[in-house]
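Read the numbers this way: they start at 1 and go in the same order the structure lists the ligands and their atoms.
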Amino acid sequence: MSIARLAPSQRGLTAQASPIRRLTPYADDAKRRGLEVLHLNIGQPDIATPRAMIQAYHDFDEKVLAYGASEGSLHYRQALANYYNGLGIAAGGGPIEPDHIIATVGGSEALLFAIGATCDAGDEVLVTEPYYPNYWGYAHLLSVGVRAITTTAASGFRVTAEQVAAAIGPKTRVLLISSPGNPTGTVYSAAELRAIGEVCRSRDVFFISDEVYRDFVYDDAVLQGRTTAPSLLAEPGFADNAILVDSVSKRYSACGARVGCVVTRNAELRAAMLKFAQCRLSPPVVDMLAAEAALLTPADELASNIAEYHLRRDALVAGLRQIPGVNAATPEGAFYLMVELPVDDAEKFCIFMLRDFSFEGATVMLAPGDGFYANPELGRRQARAAYVLQVPKLQRSCQVLAAALQAYPGRL
Ligand SMILES: Cc1ncc(COP(=O)(O)O)c(C=O)c1O
């Protein structure tokens, strides 16, 4: 008689640990040993959350903390619709209405819903790599395959409409791009989004536009007169295939609020996503009130945050470029960059920094590059760095990195 073995699913066994978080036990250990760990591994900004948002938590005073509507409160969705229409998104097929929006548990759940509503098990999502690793994570959770178009610094980590056309396969149901991009900082122009969108439309492929870093664009030449990055939803003709993913996490430095949303003019997709939303009952009600308050953040407060990130970007790029053998392209937006390191294996090097190395009482945590690629070999000598610390800390991080590369036995 065979004895059944109690084992996790294959899906669970083959899921990948996040490259952004998987070295945390080494960092915790370094901190226990008294070291300062400079966290360039994660997009957790140190910028203050808007005061009005924090106040909204203090002001909550109901007797019962009840479930909310699965799609999010009408009040919040109306406020969001006003925000999107203020960005000029109405140009892409009429004003955004509250009905076009489902509030979610972070941009993360918006991604889950959008992939789940566009793909069945065995279908494929098309991404550009290096990609945000949770794209792979959510596709995997849904038994959806990932097809990746490899990009490099030489092309600004961008893809052309022709490359997208050539990469679409028989199982490709959706293209998923973040712009401004994590981890590359690439910002697609309106014309590029349009051209790529047209390919998707002509091939019956949906297009998920992950715009959680919309505000984080640093150069006038990239902005072309706008205040935020171009949005796919502002481009006419994509009402049926465009899906916008958004979040309060980065814009308002409120990653712990766990509020995002998914927006589409496609009613069938929304109906599908609403059923998913009903499964998880409700987005977090108090966080949604805080997210609504965040929408009133004065534009000059947001602008001064972006100016600070601009300084940080320039400081990190300049610092990295001074280190022999290190290559880093200047990102156009978001707050990350992929850095090429002169090492045999970036993960080993990252562990070395946390476990075996310190410089004047500090060390640096980076996210190893392999987890940002469908083919991990492509990221073997790369790491992602987030410029979410103040300039002096970024400069110190570069000093630590330079010293660690000198000391690392696997240096090339
Ligand atoms: C590109 C991108 N999309 C979505 C998310 C999800 O963010 P959240 O779930 O905090 O809204 C992140 C978070 O880092 C991200 O970088």
message: Restricting to side chain to side chain donor-acceptor pair (under 3.5 Å), what partner residues turn up for Q55, sequence neighbours left out?
response: D59
message: Just to verify, what does Q78 make a side chain to side chain donor-acceptor pair (under 3.5 Å) with, not counting sequence neighbours?
response: N82
query: Of the backbone atoms (N, CA, C, O) and the side-chain heavy atoms from C-beta on, which set of S249 has a member under 4.0 Å from an atom of ligand 1: side chain, backbone, both, or neither?
result: side chain
- prompt: Do the rings of Y309 and F335 sit parallel, tilted or perpendicular, given the 30° and 60° boundaries?
  reply: parallel
task: Just need the protein heavy atom nearest to atom 7 (O) of ligand 1, so name the residue and atom and give the distance.
output: S108 OG, 4.0 Å
query: What are the atoms of ligand 1, with element, lying closer than 4.0 Å to any heavy atom of K250?
result: 13 (C), 14 (O)
message: Which residue and atom name correspond to the protein heavy atom nearest atom 1 (C) of ligand 1, and how close is it?
response: D210 OD2, 3.3 Å
Enumerated ligand 1 atoms positioned under 4.0 Å from heavy atoms of N182: 1 (C), 15 (C), 16 (O)
query: Can a non-hydrogen atom of R258 be found less than 4.0 Å from any atom of ligand 1?
result: yes
- request: Please work out whether the ring planes of F216 and Y213 are parallel, tilted or perpendicular, with thresholds of 30° and 60°.
  value: perpendicular
- prompt: For ligand 1, which atoms have a heavy atom of S247 less than 4.0 angstrom away?
  reply: 8 (P), 11 (O)
- prompt: Should you measure from each heavy atom of G106, which atoms of ligand 1 turn up under 4.0 Å away?
  reply: 9 (O), 11 (O)
- request: Return the residue, atom name and 0.1 Å-rounded distance of the protein heavy atom closest to atom 13 (C) of ligand 1.
  value: Y132 OH, 3.2 Å
- prompt: Does the N or O separation between S178 and ligand 1 drop below 3.5 Å for any pair?
  reply: no
query: Sub-3.5 Å donor-acceptor pair from the side chain of T49 to the main-chain atoms of S253, do we have one?
result: yes
- request: Look at atom CZ of R321 and say whether more than 12 heavy atoms of other residues, nucleotides or ligands are closer to it than 6.0 Å.
  value: yes
Part of E109 with heavy atoms under 4.0 Å of ligand 1, whether side chain, backbone, both or neither: neither
query: Any idea how Y135 and Y132 line up, ring-wise: parallel (<30°), tilted (30 to 60°), or perpendicular (>60°)?
result: perpendicular
field: Neighbour count >12 (heavy atoms, 6.0 Å) for atom OH, Y26
entry: no
message: Regarding ligand 1, does G107 bring an N or O atom to under 3.5 Å of one of the ligand's N or O atoms?
response: yes
